[in-house]
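The analysis underlying the following values was restricted to heavy atoms, covering all of them including side chains, and did not include hydrogens, waters or symmetry mates. Predicted, not measured: the structure shown is a model, and the values here were computed from it.
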Amino acid sequence: MSSFSAPELQPLSETASHPLLPTLARIAAALERLAPPPAAKPDLGAADAFVWHPAGTGGMPAQLAPVKRVAAVGIGLLQGVDRQKNLLLENTLRFARGLPANNAMLWGARGMGKSSLVKAAHAAANAEVPGALALIEIQREDIRTLPELLNVLRDNSRRFLVFCDDLSFEREDQDYKALKSVLDGGIEGRPANVLFYATSNRRHLMARDMIENERSTAINPGEAVEEKVSLSDRFGLWIGFHNADQSTFFAMVEAYAADLGLAVTPEELHRQAVEWSVTRGGRSGRVAWQFIMDLAGRMGVALPAR
């Protein structure tokens, strides 16, 4: 019977001269050159606003891209939403001063200044507490990467408003669960230096027919609906926006016209504003701004640099 014996290990000095070793070294060096460089630690004091870009295809690392100038209007120009302004500004100022504050959901009628108010409140808070607060925009489709973003912001001395505009869900997917966990749950939870602000046309972030469908097909309809609307319950501050009446619409166009210095009488301004709103089929802050842009263009008035 033949016996098996393990091959003897060669001394290091012999393996070091193996003919394949130079080839393997070249392959390893080539792979290192192809690998993306490690992501640089973001300079979170470089700007007052950033846009979050999660890791993408081709090995691109996640990054926070600084924004040189935020497209915002002064908070005093937002008309017809005084109660909403006071609520959000007070909450934002408390947070900028290092005090407790709530995540906020701004919901309701389209074009009534929800996203404009978030940006204006951020600017007003930074004017009162300079450099205390950075605004970070995250896109709806990137909500699932929110935990990754919070890990970048966690333990930083600066405070951050993470903002998602036009947030809604068509189904209970991973994005829904990620946001739900971050707002109120999970082991790590939301960092103390981060608030989450969102705007939506839907009060409960989901279409009414989705909720009704869940009620009609579930074994326990009440529990199913509660699960669907529980995400919006995790926002401590709900701020509703409603369609503007005519007097509010006039206040909006008057404020914009005065800010741009348009030489037009109130009567003529109102007449043209009514005509514009009829052609647009509604009155809102967005319609008021679009009218003023058209009027300024026809009058040859350029927008001031801000």
Side-chain angles (χ1 to χ4, degrees), residues 42 47-58 60-67 70-72 84 88 91-92 102-122 133-154 160-186 188-191 194-211 213-214 227-241 284-286:
D48 284 335
F50 301 84
V51 175
W52 169 245
H53 297 291
T57 58
M60 292 297 295
Q63 63 170 321
L64 281 165
V67 176
V70 177
Q84 294 90 331
L88 192 70
N91 191 67
T92 308
N102 275 307
N103 299 312
M105 165 60 67
L106 286 67
W107 65 274
R110 300 188 305 273
M112 283 303 295
K114 297 185 292 292
S115 60
S116 295
L117 180 53
V118 171
K119 291 181 284 188
H122 164 254
L133 201 56
L135 182 67
I136 297 179
E137 183 180 50
I138 183 171
Q139 302 299 324
R140 155 66 186 88
E141 58 270 21
D142 297 328
I143 283 293
R144 69 184 62 193
T145 68
L146 190 53
E148 180 184 353
L149 171 59
L150 296 190
N151 284 334
V152 175
L153 306 179
R154 195 181 302 272
F160 303 95
L161 280 180
V162 177
F163 170 50
C164 183
D165 192 21
D166 199 18
L167 178 63
S168 63
F169 298 98
E170 300 303 327
R171 61 187 185 282
E172 187 177 348
D173 53 17
Q174 294 302 314
D175 298 352
Y176 173 95
K177 294 177 181 177
L179 179 57
K180 195 172 180 180
S181 176
V182 164
L183 290 179
D184 184 24
E188 287 186 302
R190 174 175 57 87
V194 176
L195 273 192
F196 187 81
Y197 282 5
T199 68
S200 179
N201 296 330
R202 302 170 178 173
R203 182 173 185 177
H204 293 298
L205 299 175
M206 295 183 178
R208 183 179 295 274
D209 58 351
M210 288 178 59
I211 297 176
N213 181 65
E214 194 75 15
E227 173 64 20
K228 288 293 183 185
V229 302
S230 64
L231 176 58
S232 55
D233 287 343
R234 297 176 187 234
F235 289 90
L237 189 61
W238 278 16
I239 304 177
F241 289 72
S284 69
R286 181 177 297 132

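Taking OG1 of T92 as the reference point, atom CG of L133 lies at 7.0 Å (rounded to 0.5 Å). From W107, atom CH2 reaches atom CG of N201 across 11.0 Å, with rounding to the nearest 0.5 Å. Residue L161 holds its CG atom at 11.0 Å from CZ of F196, rounded to the nearest 0.5 Å. To the nearest 0.5 Å, atom CG of residue N151 and atom CG of residue L146 are 10.0 Å apart. Considering CZ of F163 and NE2 of H122, their distance stands at 11.5 Å, rounded to 0.5 Å. Rounded to the nearest 0.5 angstrom, L195 CG and F235 CZ are separated by 11.0 Å.
Side-chain contact between R234 and N103 is absent, with no heavy atoms from C-beta onward closer than 4.5 Å. Residues L64 and L149 have side chains in contact (heavy-atom distance under 4.5 Å, counting atoms from C-beta outward). Proximity of P191 to L153: side-chain heavy atoms (C-beta onward) are nowhere separated by under 4.5 Å.
In this view, A47 and F50, P66 satisfy the side-chain contact (heavy atoms from CB on, under 4.5 Å) rule, not counting sequence neighbours. Not counting sequence neighbours, the partners of E137 by the side-chain contact (heavy atoms from CB on, under 4.5 Å) test are V51, Q139. Take D48 and apply the salt bridge (charged side-chain N to carboxylate O under 4.0 Å, His left out) test, not counting sequence neighbours, and it matches R158. Judged as a side-chain hydrogen bond (donor to acceptor under 3.5 Å, both in side chains), and not counting sequence neighbours, the contacts of W52 are T145. With sequence neighbours excluded, the residues that form a side-chain contact (heavy atoms from CB on, under 4.5 Å) with N102 are N91, L237. Annotation: side-chain hydrogen bond (donor to acceptor under 3.5 Å, both in side chains) contacts of D165 (sequence neighbours excluded): T199.
Formation of a donor-acceptor pair under 3.5 Å by the K114 side chain with backbone atoms of M105 is not found in this model.
Taking both residues in full, the closest heavy atoms of Q84 and G240 are given as NE2-O, 2.9 Å, listed atom of the first, atom of the second, then distance. Nearest heavy-atom pair across R140 and L167 is CD-CD1, 3.7 Å. Summarising the geometry of A49 relative to V70, their closest heavy-atom pair is CB-CG2, 3.4 Å, with the distance given to 0.1 Å.
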